[in-house]
Structure formats: structure tokens, C-alpha cells
Amino acid sequence: MIRWDYSGGKDRRSGLILTIPLCTEQTSMEELSATLDYLLGIPSEKCKARGFTVIVDGRKSQWNIVKTVVLMLQNVIPAEVSLVCVVKPDEFWDKKVTHFCFWKEKDRLGFEVILVSANKLTRYIEPCQLTDEFGGSLVYDHLDWLNKRLVFEKFTKESTSLLDELTVINENEKGSQAEKDRSSESNILPSFDPETVLQTGHELLSELQQRRFNGSEGGGGGTAWSPMDDELLAQPQVMKLLDSLREQYTKYQEVCRQRSKRSQLEEIQTKVMQVVNWLEGPGTEQLRTQWGIGDSIRASQALQQKHEEIESQHSEWFAVYVELNQQIAALLSAGDEEDLMELKGLQQQLSDVCYRQASQLEFRQNVLQSAHEFHMTAQDMSQQLDGLLGMLCADVAPADGAAIQQTLKHLEEKLKSVEGALQSLREKGQVLLDQMSTQTSFSYGKDVGIENKENIDHIHSVMEDMQLRKQRCEDMVDVRRLKMLQMVQLFKCEEDASQAVEWLGELLDALLKTHIRLGDDSQETKVLLEKHKKFVDVAQSTYDYGRQLLQATVVLCQSLRCTTRSSGDTLPRLNRVWKQFTVTSDERQHRLEMASAFHTAAEKILRESPELAELMVDVEAYEEVETVGKGLLDRLTVPVIFPDGSEQFFGSPGDMASSAESIRERMKLVEEKRFLQEEAEQRLDEEALEAGPRES
């Protein structure tokens, strides 16, 4: 067998060297051509363009084989071959050469053929690019190269086949749903394990890269092995195949994930239909038979217990719903658009049925709860009416006003409690009636009019009965209340009249002790005048209120045919305090008015500018301020004299001294202003006198 190989060396034109070691065995042209075609398919087009140097090692072969190989090169690749070096044996075929001179056939062959001895081959090729069999230093292991080549071809074949299979699988996944269903039924496992092929490719690529790296570090010793060019070993092709394979494998993994998800989706859909079928079947049938509300507390409690049993059965299916909803939510977070629509549809269907059933359960529970509260309220009101009736039938003889008030308060509380109970009964009854009116929407087509009519009639009957009993008790309460209210009102009027006298006294005391300030300016004084008027209005209302109470006391005593016990001295005390308040308020009013006039006049003067002649203040204004101020100071020293001859000062002496000092300060400022104005007038007169002679 002829062994053809690339040693990895290059000629002086950077062309690849093809070594053809021949032996004595005869080889067919087909085999030679096939081998050459195989080797020529390894380098890239760029590498081929640089040409080949072919070394035909004929030292162990016959001349006719050498001639056949050279002619075969001429027939197969004349354009790629630049030089053919035929290594002749020591004893050459001298006679045969005369019959075929290669150098004369150069034009016909298309390349140059040189017959050379092995030791003279370095004339044409550098020694470092020749292997040791030709006297060179290039390290080359043909078996190692062949093994790597076989690994590469095996990887190429498997990866190409795997790429085709993965591409078909991935493309089928992009088709219609029917195609997906058909492909899901078939086996989607590829012929080769993608992980194994990828690992083989990575190992091959790593080996090629490592050999290249080690070869580049061989140094200039001349004996290091020169690695095969990456174009010859197809390193870029390996990398490209790996990239494509990784891409398709990633898509394939996504396809597997999607199919797994669809399988999970079908399982979820089955469980969803189980939940939906039970809730719309047996679950709904259970609720159809439960419509009563009972006619007592005990009956409503029995219905509630039955409803709890139904809820317990539903809870098991609701737990399945929660689990399914969580699974669907997890798929929604990682699903594609198509799955999202289907998942949302399942989730919506499941949620609609479960929420509808839960709403019906809740509605039924609310009806039973309302019925129970209605019966509880009716029983409580019945007991309250019994207690009120017993209280009205008993004779009550209060000894004093406090006892009357206490009895009346207790009676009113009882009646108010009954009214509250009746109102609560009506509200709860109305809630129950409203629920009965909406119950038809939950009947699943069943006519529940008869059952509802019985329930509604019972509710109205209970409320009407309680209303009649309450009305009878109210009539009896009105009779008892009338006289007790008159007595309570009598005592109340007497107490309130005394309280009015106390309030009026407190207002008088406050007027004398706290209403002291006269204001630091006209604005503040006006505010104090307004407050004083309101204060007097309050006192007037208090006085009028006290007189009205005393008049009412007289009328009530006449109605009850009894004499007053504590109102004899109330009217004189009320009138005495009112007269004292009137005198005091008049004095306070007069002082505030004087203070307002004083501050107004003073502020008018202080606001004027003495530097302008046309704004000079009249002397009468200064005299007015002085007169009013002195009058106000004198007024502050005079006490308030009551009708009974007693006297009382406003506030303490210190308070009066403070008010007087404020007035004096304002008068002092006015006096200073007056002095400045006089100086300004004098200066203007002098300027006028001086201007007269100059004009003349």
C-alpha cells in the first residue's frame, strides 16, 4: 500500500510538502487517484493556491511505479503542483531514464520534475522542513497525524449528522401544533449523544491548539516538531462545527424543555378538569338542597352545622386548586407566548369555577349567619319587652327628685334599649330579606320561590309581632313618663335657676378681676370693646335664662299642685347680681370708649410729620389728647359703686398702675411730638423772615 501524507513542512515558497513514500507493490491508478483526492481535500483553497512540492520517495520502488505516480499527478492536479522531487535510489534506473526525461516533459506535465538523491534534497527544500528520512530535522509522526485525522473525520461525520438531526427536530418544533403533536409521539432522541460529540470536539480542538502551542515553543534548535498548519488540520472547521452544534443543541434542549412543559401542561389540564367537574357536579348539587333559614336559634344552628360539613368537602378541592394555581403560576413565569395563552386560559377557567363556588358557599354562609343573628335579636328583644312590661306594672313612689330622675332614667333606658333592639331587628331582617331576593341568582335554574316565600313570611311575621308588643309598652310608658317628667322638670328648673345666678356671679367676678386692659393702641382697644360687648351679651342671656327658669318653676308648681321649696330667694339674688353686673359693665364700657378716643387722637398726631408745613397738627388736637388722657387717668382711680353702696375696683392696684403708666407713656410721646412741631414752626418762621429781605 502506498502511504501518502503531509509531513507539515513547507517549501521555500511556503507551499505544502506532499510526501509519497513508494514501495515495490503495484498500486492501481484508482487507488492512487482516490488517495490524492483525499489528501487534496484537506488544505484550504488559500493554501492550495501557494502550490505543492511533491516528494516521490522511489528508493524502494520500481521505475514504472514512479512514472505512474508522476503521470497521475499530471492528470489529477497539474495546476496545484509546483515541483516534484523524485528521490532516486543509489543505483538508479539509468537505462530507463533515457526513455523518459522529465525535464523535457515540463511543458506537457505542467510542473517541474527533478531526479535527486536523498542527500541532495536539501538543495531545494530547507533541512528544517524535511523529516529525518530525507536528512532533515522536522519531527513528524505519521501514525499520530493519521489518528488525529481519523478522530477529526469521525467528529466531523458525527457532528454533521447530529446537526442535521437536531435541525430537523428543532424545525419541526417551529411548525403547527399538529406537527408538534406528531413529532412528540415520535422518538426525539438523536442518533448520537450531543454531550459526547461536544466533548469529543472540545478534546480534539484542545489537542490541536495544544500541539500548535507546543510546536511554536519548539525554539530554534532545529530538531523540534513543526506542527501541522491549522488550515490543514481544519481547526477553524472544528470550531465552526462546535459553535453550530452548541447552538442547535441549545435549541434542542429548549425543545425538550418545551415538550416536558407541554406534558406537564396536559397533566395540569387533567387535574383542572377534575376539580371543575366535581365543583360543577356534586358540589353544586349539595348547595341546591340547602335554602332554609330556620324558625329559631336552634334550627339555624343545625343548618350552620350542615353547611360546615359541605364546606369541609369543598375545602379539599380548594386545596387542589391552590396547588394547581401555584404550578400554573410557576409555568407562567417561564412560558412562551403560546403557552402563556393556554395557561392563562386554564387558570382563568379554574379560577372562575372555584371563585364562583366559593362565592356561593360564602353567600350561603352569610345567609345562615344573618338568619342566626335575626333569631338572636328577636329573642333578645322579646326578653327586653318582658322586663319593661314588668317594670311598668309595678308601682313606683320616688321620695325625692334624685329618685324620680333615676327611675325616669331607668325607664328611658329600658325603652331606648327596646327601640334599639327593634331597629336592629329591622336592619337584620332587611339584610336577610335582601339576601333572599338575590338568592335566585345562585339557584342554578331551580325555582326557589316557594322556599323563599316561607322564609320571607316568617321574617315579616316576627318583625310585626315585635312591633305590636313594643307599641303597647310605649303607650304605658307615655302615661308614666308624663308626670315624672313634670317633676323632674320642676327640680331641674330650680337647680338651673340657681346655676344661672352662680354663672352671673362668676361673670361679674371675671369682669372685675380679668377685664382690666385698656389696650396699647386704638386697634387693640376696639378689639377689647367688641369682646366686652360679646361678654355683656353672654351675661344678658344668662340673666334672661334664669328668669325664664323661675317663671317655668311657678307654672310647674301650679300644674303639680305643690309649693316651691327652694326658689323663694332665687329671684332676689338673680336681680341683685344683675344690677351689680350692669353697673360694672357700664363703667368698663365708658373706660374703653375713653381709651379708644385717647389712642385715636394720639395716633393721629404721632403719624403726622412735623417736617412738612402743610401737615402741621392743630393745637386743639394736642389739647384733646391731654384732656382725654388726664380724664382717663382720673377715671382709673375711681372704684365701681354698686346699688347697695358697696365699692369694688377693677383688678389690683398694680394692674391699674400698669394701665396708667401706658397712658402716660403715650401722652409723653405726644408732648415730645408737640415740642418738635413747635421747634419746626419756629424754624419755618425764621426762614420766612430771612427770605423776605432777600426777595426785596
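Residue indices begin at 1 and follow the sequence shown. Values in this document were obtained by computation on a predicted structure and should not be read as measured data.
Within 6.0 Å of the CD atom in Gln499, the count of heavy atoms belonging to other residues, nucleotides or ligands exceeds 12. Residue-environment remark: CD (Gln305) stays at or below the threshold of 12 foreign heavy atoms within 6.0 Å. Counting heavy atoms of neighbouring residues, nucleotides and ligands inside a 6.0 Å radius, atom CE of Met656 exceeds 12 of them.
Looking at every heavy atom in both residues, Leu324 comes nearest to Leu350 through CB-CD2, 3.9 Å. Nearest approach of Gly519 to Leu528, heavy atoms of both residues: N-CD1, 3.6 Å. Nearest heavy-atom pair across Thr582 and Ser585 is O-OG, 2.9 Å. The two residues Gly429 and Met463 make their nearest non-hydrogen contact at CA-SD, 4.2 Å. Across every non-hydrogen atom of Leu632 and Met594, the tightest pair is N-CE, 3.4 Å. Nearest heavy atom pair, residue Leu518 against residue Ile663, reads CD1-CD1, 4.2 Å.
Contact check for Asn575 versus Arg547: side-chain heavy atoms found under the 4.5 Å cut-off. Taking 4.5 Å as the limit, some side-chain heavy atom of Gln435 sits within range of a side-chain heavy atom of Leu432. Pro643 is not listed as a side-chain neighbour of Arg576, based on a closest heavy-atom distance of 4.5 Å or more. In this structure the side chain of Phe318 reaches within 4.5 angstrom of the side chain of Leu279, judged on heavy atoms. Residues Cys393 and Met476 have side chains in contact (heavy-atom distance under 4.5 Å, counting atoms from C-beta outward). Here the side chains of Leu411 and Thr407 are not in contact, with every heavy-atom distance at 4.5 Å or above.
A salt bridge links Lys630 and Glu626; the closest N-O separation between the charged side-chain nitrogens and carboxylate oxygens is under 4.0 Å. Of the charged side-chain nitrogens involved, at least one lies within less than 4.0 Å of a carboxylate oxygen, so that Asp509 and Lys513 count as a salt-bridged pair. In this structure, Glu530 does not pair ionically with Lys526, as no charged nitrogen and carboxylate oxygen lie closer than 4.0 Å. With respect to Glu311 and Arg364, no salt bridge is recorded, no charged nitrogen being found less than 4.0 Å from a carboxylate O. Using a 4.0 Å cut-off between charged nitrogen and carboxylate oxygen, Lys453 and Asp457 count as a salt-bridge pair.
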ask   = side-chain contact (heavy atoms from CB on, under 4.5 Å) between Val367 and Met436: does it pass, once the steps are laid out?
value = CA-CA 8 Å; Val367 170; Met436 292 292 102; 3.5 Å; yes

ask   = salt bridge (charged side-chain N to carboxylate O under 4.0 Å, His left out) between Arg469 and Asp386: does it pass, once the steps are laid out?
value = CA-CA 9 Å; Arg469 292 180 60 186; Asp386 292 340; 2.7 Å; yes

message = Pair Tyr622, Lys673 - check side-chain contact (heavy atoms from CB on, under 4.5 Å), show working.
response = CA-CA 9 Å; Tyr622 289 104; Lys673 197 67 172 289; 4.1 Å; yes

task = Determine, stepwise, if the pair Arg635 / Val638 fulfils side-chain contact (heavy atoms from CB on, under 4.5 Å).
result = CA-CA 5 Å; Arg635 194 87 182 191; Val638 177; 5.6 Å; no

request  = Tell me, with the steps shown, if His515 and Phe535 meet ring-ring contact (aromatic ring centres under 6.0 Å, His included).
outcome  = CA-CA 10 Å; His515 292 222; Phe535 188 78; 4.3 Å; yes

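Between Gln304 and Gln369, the side chains place a donor N or O and an acceptor N or O closer than 3.5 Å (distance only, hydrogens not considered). Residues Gln348 and Asp352 bring a donor and an acceptor atom of their side chains to less than 3.5 Å of each other. Side-chain polar atoms of Ser300 and His372 form a donor-acceptor pair below 3.5 angstrom.
Listed by first then second residue, pairs satisfying salt bridge (charged side-chain N to carboxylate O under 4.0 Å, His left out) with a partner in residues 637-652 number zero, not counting sequence neighbours.
Taking the salt bridge (charged side-chain N to carboxylate O under 4.0 Å, His left out) definition, one finds that Lys428 meets it with Glu373, sequence neighbours left out. Every residue two or more places apart in sequence or in another chain that forms a side chain to side chain donor-acceptor pair (under 3.5 Å) with Asp380 is listed here: Gln384.
With hydrogens and angles disregarded, no donor-acceptor distance shorter than 3.5 Å links the side chain of His314 to the backbone of Ala358. Looking at Ser424, its side chain never comes within 3.5 Å of a backbone N or O of Gly420 through a donor-acceptor pair. At distances below 3.5 Å, not a single donor-acceptor pair connects side-chain atoms of Arg588 with backbone N or O atoms of Val583. Lys579 places no side-chain N or O within 3.5 Å of a backbone atom of Phe642 that could act as its donor or acceptor partner. Looking at Gln648, its side chain never comes within 3.5 Å of a backbone N or O of Leu512 through a donor-acceptor pair. A donor-acceptor pair is defined here as one N or O able to donate and one able to accept, closer than 3.5 Å; such a pair exists between the side chain of Thr525 and the backbone of Asp521. A donor-acceptor pair under 3.5 Å links the side-chain atoms of Thr553 to the main chain of Leu549, judged by distance alone. Proximity of a side-chain donor or acceptor of Arg517 to a complementary backbone N or O of Ser659 within less than 3.5 Å is not detected. Glu524 contributes a side-chain N or O that, together with a main-chain N or O of Asp520, makes up a donor-acceptor pair within less than 3.5 Å. Although no hydrogens or angles enter the test, the distance criterion places no donor-acceptor pair under 3.5 Å between the side chain of Ser658 and the main chain of Gly654.
Taking the six-membered ring for Trp and thresholds of 30 and 60 degrees, Trp578 and Phe581 have nearly parallel ring planes, at less than 30 degrees apart. Using bins of under 30°, 30° to 60° and over 60° for the plane-to-plane angle, the ring pair His458/His375 lands in the tilted bin.
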